[in-house]
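Below is one structure, written out as structure tokens, with a few remarks after it.
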Amino acid sequence: MSVSMTGSGEIATPVESSKSAMTWGPIFGGAAAAIGVTLILLLLGSGVGLTMVSPWSGQSSSLGTVGVTAAIWLVIVQWLSSGLGGYITGRLRTKWAAVHTDEVFFRDTAHGFISWALATIFVAGFLASSLTSLAGAGAQAVGSAATAAGTAASSTASAADLPTAYFTDALLRPEQARAGATSDDDAATAEVSRILLNGAAAGQIPDDDKAYLATIVSARTGLSEADARTRVDTVLKRIDDAKVAAQKAADEARKAASTTALLGALSLLIGAFIAAAAAAFGGSQRDEEEDLIVTSRI
């Protein structure tokens, strides 16, 4: 604290308030209002979002559309809830006496920002707990799929030995493949599966494997070599199409998640700014009019 002396010898001491510049009551009030509005709007958005998703093929919106719509809705939620919470924070605080106008503006914006931060932390915790409960419910689905996973474990184990098994089959392929395919159905089916798995792992099936597959198909189905080769090419094309479709779906999901994350971060920044600005606006309206007390001189 600095002390100065006037020309008449008097000591001038700066005025310091004994109260804190932070008023928690309006901050908690604005945060509570923002939380309530956020939860209402999130439930409304969830209801609208569920109408965009359908278990029937061709009736649901794409992942990109759903992700962008959700991100835009988050921005709207931040605008409305942050604006209301910040405004309430500014209007509810008491008037600061003997405080410079710039300091009042700073305090109002700081109160609005803190109110927004509290509301955001609470909503984030609520969403995290909701996601945790959903994950717990999904654990039952995982448990029910354990049997299928156990069945697939043997396939995974055999896939681990796939290179050796595949090359062993290539070394021991009989000269008369047609006779071997018709005499042992299980062995032929297993060998065809290993050839397809190896082709999926390598990205393509060699021409000699295609010719061998056509021979086995011809022996098992009675088709001619040409028709069997056509059937093999058709099936392989379907496998490639399914792979491309899966990669496309994964890429769309990645883009949707990236867009949602970026717009979500932008919405939070916008919400913080709007909360601070709304608090400053509410505070200025709070200080526009003064109630004066008139006392008589004695």
Side-chain angles (χ1 to χ4, degrees), residues 15-50 67-134 259-294:
V15 178
E16 292 287 348
S17 175
S18 60
K19 297 182 179 180
S20 172
M22 183 177 297
T23 308
W24 284 105
I27 290 176
F28 285 122
I35 291 170
V37 173
T38 299
L39 294 180
I40 293 174
L41 294 178
L42 286 179
L43 289 176
L44 177 62
S46 299
V48 175
L50 289 176
V68 172
T69 303
I72 293 176
W73 184 248
L74 287 177
V75 174
I76 296 175
V77 170
Q78 278 291 311
W79 285 356
L80 296 178
S81 61
S82 299
L84 178 62
Y87 180 79
I88 291 178
T89 300
R91 288 299 299 267
L92 291 182
R93 57 90 172 165
T94 57
K95 183 177 180 179
W96 291 299
V99 178
H100 193 273
T101 304
D102 293 338
E103 179 65 19
V104 172
F105 178 79
F106 173 79
R107 291 184 183 184
D108 282 332
T109 55
H111 278 60
F113 178 80
I114 296 173
S115 175
W116 165 86
L118 289 177
T120 302
I121 292 173
F122 179 86
V123 173
F126 172 79
L127 293 178
S129 62
S130 300
L131 293 177
T132 302
S133 62
L134 289 176
T259 302
T260 303
L262 292 176
L263 289 180
L266 179 62
S267 69
L268 291 178
L269 293 176
I270 293 175
F273 174 79
I274 290 179
F281 177 71
S284 64
Q285 286 191 331
R286 162 66 182 79
D287 295 340
E288 279 183 356
E289 297 183 1
E290 296 180 340
D291 293 330
L292 303 178
I293 300 177
V294 179

### Message
With a 3.5 Å distance limit and no angle check, can you tell me whether S115 reaches the backbone of A31 through a side-chain donor-acceptor pair?
### Response
yes
### Heavy-atom pair of closest approach, residues G112 and A275
O-CB, 3.5 Å
### Query
Which heavy atom in A34 sits nearest to a heavy atom in G85, and how many Å separate them?
CB-CA, 4.2 Å
### Task
List the atom of K95, the atom of R286, and the distance in Å for their closest heavy-atom pair.
N-NH2, 3.2 Å
### Task
Name all residues meeting the salt bridge (Lys or Arg N to Asp or Glu O under 4.0 Å) criterion together with R107; count only those two or more places apart in sequence or in a different chain, and write none if there are none.
E103
### Task
Evaluate the side-chain proximity of V75 to W79: yes if any heavy-atom separation is below 4.5 Å, no if none is.
yes
### Query
How many angstroms lie between atom OG1 of T94 and atom CG of D287, to the nearest 0.5 angstrom?
9.5 Å
### Task
Could you list all the side chain to side chain donor-acceptor pair (under 3.5 Å) pairs where at least one residue sits in residues 27-40, not counting sequence neighbours?
T38-S81
### Message
Tell me if a side-chain donor or acceptor on W116 pairs with a main-chain N or O of F273 at a distance below 3.5 Å.
### Response
no
## Note on the structure
Exactly one candidate in L268, L41, L266, I270 meets side-chain contact (heavy atoms from CB on, under 4.5 Å) with Q78; the answer is L268
### Task
Taking the side chain as every heavy atom from C-beta outward, state whether W24 and L118 have any pair of such atoms under 4.5 Å apart.
yes
### Message
Do F281 and D108 have side chains that approach each other closer than 4.5 Å (heavy atoms only, starting at C-beta)?
### Response
no
### Query
Does the R93 side chain pair with the main chain of G283, one donor and one acceptor, at a distance under 3.5 Å?
yes
### Query
Is a donor on one side and an acceptor on the other found under 3.5 Å between the side chain of H111 and the backbone of T23?
yes
#### Entry: Reported CZ-to-CD1 distance for the pair F28 and I114, which is rounded to 0.5 angstrom
10.0 Å
### Message
What's the separation between atom OG1 in T120 and atom CZ in F113, rounded to the nearest 0.5 Å?
### Response
8.5 Å
### Message
What's the separation between atom CG in L84 and atom OG1 in T89, rounded to the nearest 0.5 Å?
### Response
9.0 Å
